[in-house]
Amino acid sequence: MQNESIKSLHEALQYSPDNVPLRLHLAELMLQEKMYPEAAGQFTETLNRSYGNTRAQLGLASCYYHQKKYSAAVIVYEQLRDHLPQDAMVLYIRCLIKENSLQQAAELYQKILVQSPGFKDEEIDQYLRLPSSSATHQDIDEEEEMLSQKYFMEKPRLKFEDVGGMKRVKDEISLKIIDPLKNPALYKAYGKKIGGGILLYGPPGCGKTFIAKATAGEIDAKFINIGLHDILDMWVGNSEKNLHEIFELARKNAPCVLFFDEVDAIGASRSDLRQSAMRHVINQFLAELDGVQTNNEGVLILAATNAPWSVDAAFRRPGRFDRIIFVEPPDAAAREEILQSLLKEKPTESIDTKKVAEQLNDFSGADIKALIDLAIEDKLREAMSLGTIQPITTKDLLKAGRTQKPTTLEWFASARNYALYANESGLYDEILRYLKIKK
Ligand SMILES: Nc1ncnc2c1ncn2[C@@H]1O[C@H](COP(=O)(O)OP(=O)(O)O)[C@@H](O)[C@H]1O
Ligand SMILES: [Mg+2]
């Protein structure tokens, strides 16, 4: 019977070779009849006449799969990636397994499981050994409690005044995200858009994470610190769901500062990541960012990176991280403030912080902290042998400053090159100014 139909369809096509639906119908019948090479031929003919035809592509890939031409099938499926019906997805995953792309396979399988929790495929399970459990409904509060623990939601007591120096950064954060949060109506009246985030960049240890936390403390908001590991450590392919979870958690807990540390890992240029799972994470991240802008005004988004040049340009579009701030190493006055702040509750003589600060060119805040720790260790040893508390002195700090090396110089060695040779639209002018290469 089927063969009859195939035969007459064949004949009909002789008369109208450009009839795409007819040819598709024939090809699909052939596929059903397991005539794989013939079906593949017809699907290819169809694609020649109707470029990008999804049904033909799906059929062709399926032929390849049955002919064990797995890498060919993968190429076709890859193009359809976001539009694959479930049965095609299953074939795609099996092809990936045959091609040994297990991570990608696992990621896609996870996607199916999210959509249809009860789904099972013995053949795939055998290779990927996914935990068989899937999401069950929990009490909402319990779930939120779990999420806030999972992402370490906290309410910091740190305030701007605890952060030494960084006046410009504090001003920018106030103007760009704190003031709008406090006076949304005012901003709206002047037609100013609320939303978008701030991307902090600069050498390590200069207070990016610190100021993000203090931003939350400053406005009595909750703080969620999302590190790279939070996103990557999770089961491959689950990251998109996790990202959504994180943004939802922040929205529910507004006012909330949502801080993405080492965002370069999420935002690495998409072109470098063509095949990888991260490409989807980035797109999801951007979608969530845009979502925050439209439906949530109580969520402040901050991100930090030591490697801004690795962050995908799409992150910098208006409404996303459209404010990029250089967090520079503290100058002498700022170093003095940092010293004072870090020594506040320690046993000290009256310390000549000005003198110490002047000796600490190129030291980051973290370097200063390390230096104080060093001095304290020395003092502790002394105190233990003498049996009494020995206050820290100016001399102790100067001595520790001589043994400790600043860590920011290495960063500037590479930053300088990016600022000089990859400084699109003056993005890194602040680095050049800091290095006194530019006025
Ligand atoms: N401006 C500052 N004022 C006070 N402490 C600072 C400052 N900058 C850095 N520190 C100290 O150094 C530590 C490391 O800074 P951090 O914010 O983690 O640096 P980054 O995120 O830029 O790598 C902080 O926890 C804090 O103790
Ligand atoms: Mg940090």
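Atoms within a ligand are numbered from 1 in the order they appear, just like the ligands themselves.
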From the list Tyr201, Phe412, Trp309, ring-ring contact (aromatic ring centres under 6.0 Å, His included) with Tyr418 holds only for Trp309
Does the N or O separation between Leu342 and ligand 1 drop below 3.5 Å for any pair? no
Environment of the Mg ion (ligand 2) in terms of protein N/O/S atoms, cut-off under 2.8 Å: Thr209 OG1
Which residue pairs pass the side chain to side chain donor-acceptor pair (under 3.5 Å) test with at least one member in residues 422-439, sequence neighbours excluded? Arg168-Glu430, Arg316-Glu424, Asn423-Asp429, Asp429-Lys438
So, regarding Cys206 and ligand 1 (criterion: nitrogen or oxygen to nitrogen or oxygen, under 3.5 Å), is there a contact or not? yes
Atom 27 (O) of ligand 1 [closest protein heavy-atom partner, distance rounded to 0.1 Å]: Lys369 CD, 3.1 Å
Applying the salt bridge (charged side-chain N to carboxylate O under 4.0 Å, His left out) criterion to Asp162, which one of Lys213, Lys344, Arg157 satisfies it? Lys344
For atom 4 (C) of ligand 1, the protein heavy atom that lies nearest, with its residue and separation: Phe210 CE2, 3.2 Å
Could you identify the single nearest non-hydrogen protein atom to atom 3 (N) of ligand 1 and state the distance to 0.1 Å? Gly164 N, 2.9 Å
What residue and atom, counting heavy atoms only, is the protein's closest point to atom 21 (O) of ligand 1, and at what distance? Thr209 OG1, 2.7 Å
Using heavy atoms and a 4.0 Å limit, tell me yes or no: is Ala304 in contact with ligand 1? no
Does this structure show an ion pair linking Arg94 with Glu123, if we count only N-O contacts that are shorter than 4.0 Å? yes
Salt bridge between Asp378 and Lys399, side-chain N to carboxylate O under 4.0 Å? yes
Distance-only, no hydrogens or angles: does the Ser341 side chain make a donor-acceptor pair with backbone N or O of Gly164 under 3.5 Å? no
Validation row, ring centre Phe315 to ring centre Phe285 under 6.0 Å: yes
Atom 23 (O) of ligand 1 sits nearest the protein heavy atom Gly205 N, 2.7 Å
Of the side chain and backbone of Met166, name the one, both, or neither that has a heavy atom under 4.0 Å from an atom of ligand 1. side chain
Short N-O contact, Glu358 and Arg335, less than 4.0 angstrom: no
Any nitrogen or oxygen of Gly207, side chain or backbone, less than 3.5 Å from one on ligand 1? yes
Heavy-atom nearest neighbour in the protein, as seen from atom 14 (C) of ligand 1, with distance rounded to 0.1 Å: Ala366 CB, 3.8 Å
Indicate yes or no for a side-chain donor-acceptor contact from Asn253 to the backbone of Leu249 under 3.5 Å, with no hydrogens or angles considered. yes
Between ligand 1 and Asn306, is the shortest N or O to N or O distance under 3.5 Å? no
